Number of protein chains: 2
Amino acid sequence: MLPPSFLESLSAIVGPEHLTTDAESRQAYGTDALKRGVPADAVVLPADTAQVSAVAMLCHKHSVPLVPRGAGTGYTGGAVPSQGGVVLSLERMNRILEIDEANLVAIVEPCVLTGDLQDAVERLGLFYPPDPASLRISSIGGNVAECAGGPRAFKYGTTKRYVLGLEAVLPSGEVIKTGGKVVKNVVGYDLTQLLVGSEGTLAIITRIILRLVPRPPVQATLRATFRDVEHAVAAVIQIVRARVVPAALELVDGESLDAVGRNLGVRTLAPEGTGALLLIEVDGVPAAVEEEASRVQEACLEAGATEVLHARDEEERQELWRVRRELSMSLRMVAALKLNHDVVVPKGRIPQLFQLVARIREEFRLRIPLFGHAGDGNIHVNIMVDPTNADEVARARAAERVLFEGVVALEGSISGEHGIGFSKAPFLALELTAGEIALMQRVKAAFDPTGILNPGKIFPPVH
Amino acid sequence: MLPPSFLESLSAIVGPEHLTTDAESRQAYGTDALKRGVPADAVVLPADTAQVSAVAMLCHKHSVPLVPRGAGTGYTGGAVPSQGGVVLSLERMNRILEIDEANLVAIVEPCVLTGDLQDAVERLGLFYPPDPASLRISSIGGNVAECAGGPRAFKYGTTKRYVLGLEAVLPSGEVIKTGGKVVKNVVGYDLTQLLVGSEGTLAIITRIILRLVPRPPVQATLRATFRDVEHAVAAVIQIVRARVVPAALELVDGESLDAVGRNLGVRTLAPEGTGALLLIEVDGVPAAVEEEASRVQEACLEAGATEVLHARDEEERQELWRVRRELSMSLRMVAALKLNHDVVVPKGRIPQLFQLVARIREEFRLRIPLFGHAGDGNIHVNIMVDPTNADEVARARAAERVLFEGVVALEGSISGEHGIGFSKAPFLALELTAGEIALMQRVKAAFDPTGILNPGKIFPPVH
């Protein structure tokens, strides 16, 4: 528990109405989409960078753990305490400060919802491409802290490609600026890109300068179905060989399709015997889009697609995307707990990843629907668990390690989008050497010498 | 001077034929395109990562400065000693190890020439976009160490956007791997992007995993001329507002045009009274390129272009690019020494940058032709100096500081492409706060605690 004098100092910084210590708030800010975590001892809602700095300075002085938090939608516990302390929620810092059309730049506070930013720039004919599934509920600051991806990452890249500069508060309270409004800047080390994806362990991001691009005027959406995932991946490779870069290239497996079908109460969403489905979207100027869509169609048919649908209008387009949109909700019907792992392998190795998961399904007797971003080789492996079934939970935990080991053996990575947080921290050494982890810890110490900022994240717990 | 026993140990690592200590080699490896530097005490040419590691370990043990070097074409002295020691030239590590067409990835050793890599991937219908002017003579490792740009950066981004993973040797000799073959990886800190642009001060890059894209099938090239730079920049803004992203958007000022004209012995390269010229290239699928080219033409005419030429074939295209290609050589005829500064400002502020340079020209009585990447706001400010004229050299040095201060005041950066090396190190504090510099020095210490790796670079000299 925090001493009363400390709480008084916190209250003096943010104002009493923006400090809470009641049990409900402490619990609410002690959890995120992972649904695990430790309650906060106190929650503060600063109004601006100066207050963030003052809170950091205070926590630093008293060696109190400090956990920055955006919208709290992460899957790895990045925004929740692992050992109590102060949760610093940035929710009041939620303004779009500037959209500079001539320089294709937006400047935002961290708790703008990503979808709101997209709407605002699209009204001006501009485009902020990263599109995590959570975009309507997740904050841009959280997206930056975790380096969020999404379907469009295949063509447009993930969040990091759009971050030009940051304002951030070090654990000492010092305010730094990195990068700026210019797209090229090689003055000193690229601390901007180091902070992107650092999961709130190096500094608290208080302002973000984002690069925008022109909004692509049209999209074409196709849906191709296949007997099995091998054929679907063959189509992905064929599309790449046809030198088309779709804006999205999403893969959904048979088990996921079944779940959506059951949830929607329809017998089937795709031709009988469909083992894998690809959703493909190309975007750009109309003439180019037509040409690319027909090359995609051809590539899918060459790879053995059983059917290729091409949406002709917005309504048809929304209908094709429906299966993908309904996925998360449908899987919730399968089991109460979804261990959602965003593993990634070189895309040519997706079939081997599916074989690995098939072996895991059998060995550990688990339901594991798969879907994800096939273009990037980034597949969401959803281990479905009844949390009241201790044996199933134990089997799921054992399966996780086998999955991660297998992914690393395929030259892949245990996280492509969600980060490590505390839930994947025990597995870090599967992918990184002891020397690489020690180097990262020295980098951490360069920012946070006393280790108060978001402790217990990324690095394996010391036993 | 290095003791004989140290040299014997070096020789044992790389073989006597790959260690040189003669005056000529020491001098040659003690300079780069900046034409300043301190001779090396010894030059080693390791064959592989193991030898690089052994050399680092030896230098570390004996606290001998170690300077990694690619092709030695940099403009800021990044690859040359500032205080003697060992220059480690990676020139023997020059193989393309793999081009993986299905995964759109190339794996290369650091001393592959960038142009050779581009040729190799283009033969397969693929594309490595970064195109520094030095691409026929600079190495990909040097491009990564400095985060090289080039005209195509406006559409495609600079080198950093293409680096997926690295193998690198720490000053201790430890070999680390960062990133990998996958385009998404959020496991731990992004050391890949931290190493890109770190100018050989953190680690020695020994292997590079690069992302490739499909080669755009066609280009269209346009040349637009304007009375003055204000009108040219208005055209750039107009092109952006027309939501076209050209692959290149190059600006050449009147003084540069005059230099090329004199060098080629032609009276003029452009209509009488041309104060600024834009070279614009759009690329993509044919239908889209035609549409975008006509939108570019329209935007230029609306902004007051005096003439817009549109190349109809490869020969015309090469003719339009000729003025840009001849620039460097032509400026060499203007004066023996070119202080080439790659400053960058938000592109809407290019006219203010030109006004600043006009004032500097007058105040310091200097010839300063300007050209550069208008889309990025990255303008090469070339202060032309007769190195035998001490007064002119002094005026040029004084002008540099005024230029850099002015650029920072315009929310710009003192280097967009060339890095800091030692030539710009005294100016770092114009752009970064003392706290930001101290933070970067702590990051440096995380990699290089004893400070043997490329000392005297990036950070301001301590007096």
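These numbers were taken from a predicted model, which means no experiment stands behind them. Atom set for the values below is all heavy atoms of this structure, side chains included, hydrogens, waters and symmetry mates excluded. The sequence lines fix the lettering, A, B, ..., with proteins before strands; numbering per chain opens at 1.
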Verdict with supporting geometry, K347(B) and V233(B), side chain to side chain contact (heavy atoms under 4.5 Å, CB included): CA-CA 8 Å; K347(B) 62 178 156 296; V233(B) 173; over 6 Å; no
Spatial distance of atom CG (L104(A)) from atom CG (L212(A)) [nearest 0.5 Å]: 6.5 Å
Go through Q238(B), R211(B), E146(B) and name the one with the most non-hydrogen pairs under 4.5 angstrom from chain A. R211(B)
Here the gap from I350(A) atom CD1 to I237(A) atom CD1, rounded to the nearest 0.5 Å, amounts to 7.5 Å
Selection from E290(A), K444(A), R349(A) maximising heavy-atom pairs under 4.5 Å formed with chain B: K444(A)
Inter-chain contacts: residues 411-418 of chain B against chain A, heavy atoms under 4.5 Å: E411(B), G412(B), S413(B), I414(B), S415(B), G416(B), E417(B), H418(B)
Max heavy-atom pair count under 4.5 Å with chain B, selected residue of Q441(A), K184(A), K160(A): K184(A)
Contact origin within N103(B) toward chain A - heavy atom pairs under 4.5 Å: both
What part of E101(A) lies closer than 4.5 angstrom to a heavy atom of chain B: side chain, backbone, both or neither? both
Among I458(B), V183(B), N185(B), who wins on heavy-atom pairs under 4.5 Å with chain A? N185(B)
Please confirm whether the backbone N or O of C147(A) pairs with a side-chain atom of T159(A), one donor and one acceptor, at under 3.5 Å? no
Using a 4.5 Å cut-off on heavy atoms from C-beta on, say whether the side chain of H373(B) contacts that of F154(B). no
Quick one: pull up CG in L202(B) and CE in M440(B) and give me the separation to the nearest 0.5 Å. 10.5 Å
V345(B) versus chain A, heavy atoms under 4.5 Å apart: side chain, backbone, both or neither? backbone
Interface moiety of I176(B) toward chain A, non-hydrogen atoms closer than 4.5 Å: both
Side-chain donor or acceptor of R161(B) paired with backbone N/O of R161(A) under 3.5 Å: no
Would you name the heavy atoms of A220(A) and A293(A) that are closest together and state the gap between them? CB-CB, 4.1 Å
Counting N and O atoms only, with roles assigned by atom type, does the side chain of K181(B) sit under 3.5 Å from a partner on the main chain of D100(B), one being a donor and the other an acceptor? no
Minimum heavy-atom distance S53(A)-V169(A), with the two atoms named: CA-CG1, 3.7 Å
side-chain contact (heavy atoms from CB on, under 4.5 Å) against P171(B), all qualifying residues, sequence neighbours excluded: D448(B), I452(B), L453(B)
Pairs in or reaching into residues 424-442 of chain B: which pass salt bridge (Lys or Arg N to Asp or Glu O under 4.0 Å), with residues at least two apart or in two chains? D342(B)-K424(B)
Honestly, the part of L170(A) sitting under 4.5 Å from a heavy atom of chain B is side chain
So, does N454(A) use its side chain to make a donor-acceptor pair with the main chain of G78(A) at under 3.5 Å? yes
Taking non-hydrogen atoms and a cut-off under 4.5 angstrom, which of residues 187-199 of chain A neighbour chain B? V187(A), G188(A), Y189(A), D190(A), L191(A), Q193(A), L194(A), G197(A), S198(A), E199(A)
Value rounded to 0.5 Å, distance of CZ in R152(A) from CG in L249(A): 14.5 Å
Checked L126(A), V105(A), I437(A) vs chain B; the most non-hydrogen pairs under 4.5 Å come from L126(A)
Side-chain donor-acceptor contact under 3.5 Å, Y156(B) with D283(B): yes
Within the side chain of T76(A), is there an N or O that forms a donor-acceptor pair under 3.5 Å with the backbone of S423(A)? no
Give the member of A287(B), P346(B), G377(B), G435(B) that has the highest number of heavy-atom pairs under 4.5 Å with chain A. P346(B)
As an exercise: rank V240(B), T158(B), I420(B), D376(B) by heavy-atom pairs under 4.5 Å with chain A and give me the winner. D376(B)
Is F447(B) in contact with chain A via its backbone, its side chain, both, or neither, using a 4.5 Å heavy-atom distance? both
By a 4.5 Å heavy-atom criterion (distance strictly below it), what part of K177(B) contacts chain A: side chain, backbone, both, or neither? both
Could you tell me which of T201(B), V213(B), L439(B), V443(B) has the largest number of non-hydrogen atom pairs under 4.5 Å with chain A? L439(B)
For V285(B), which atoms come within 4.5 Å of any heavy atom of chain A: side chain, backbone, both, or neither? side chain
Apply the side-chain contact (heavy atoms from CB on, under 4.5 Å) test between I209(B) and each candidate in L166(B), V182(B), V163(B), L164(B); give the one that qualifies. L164(B)
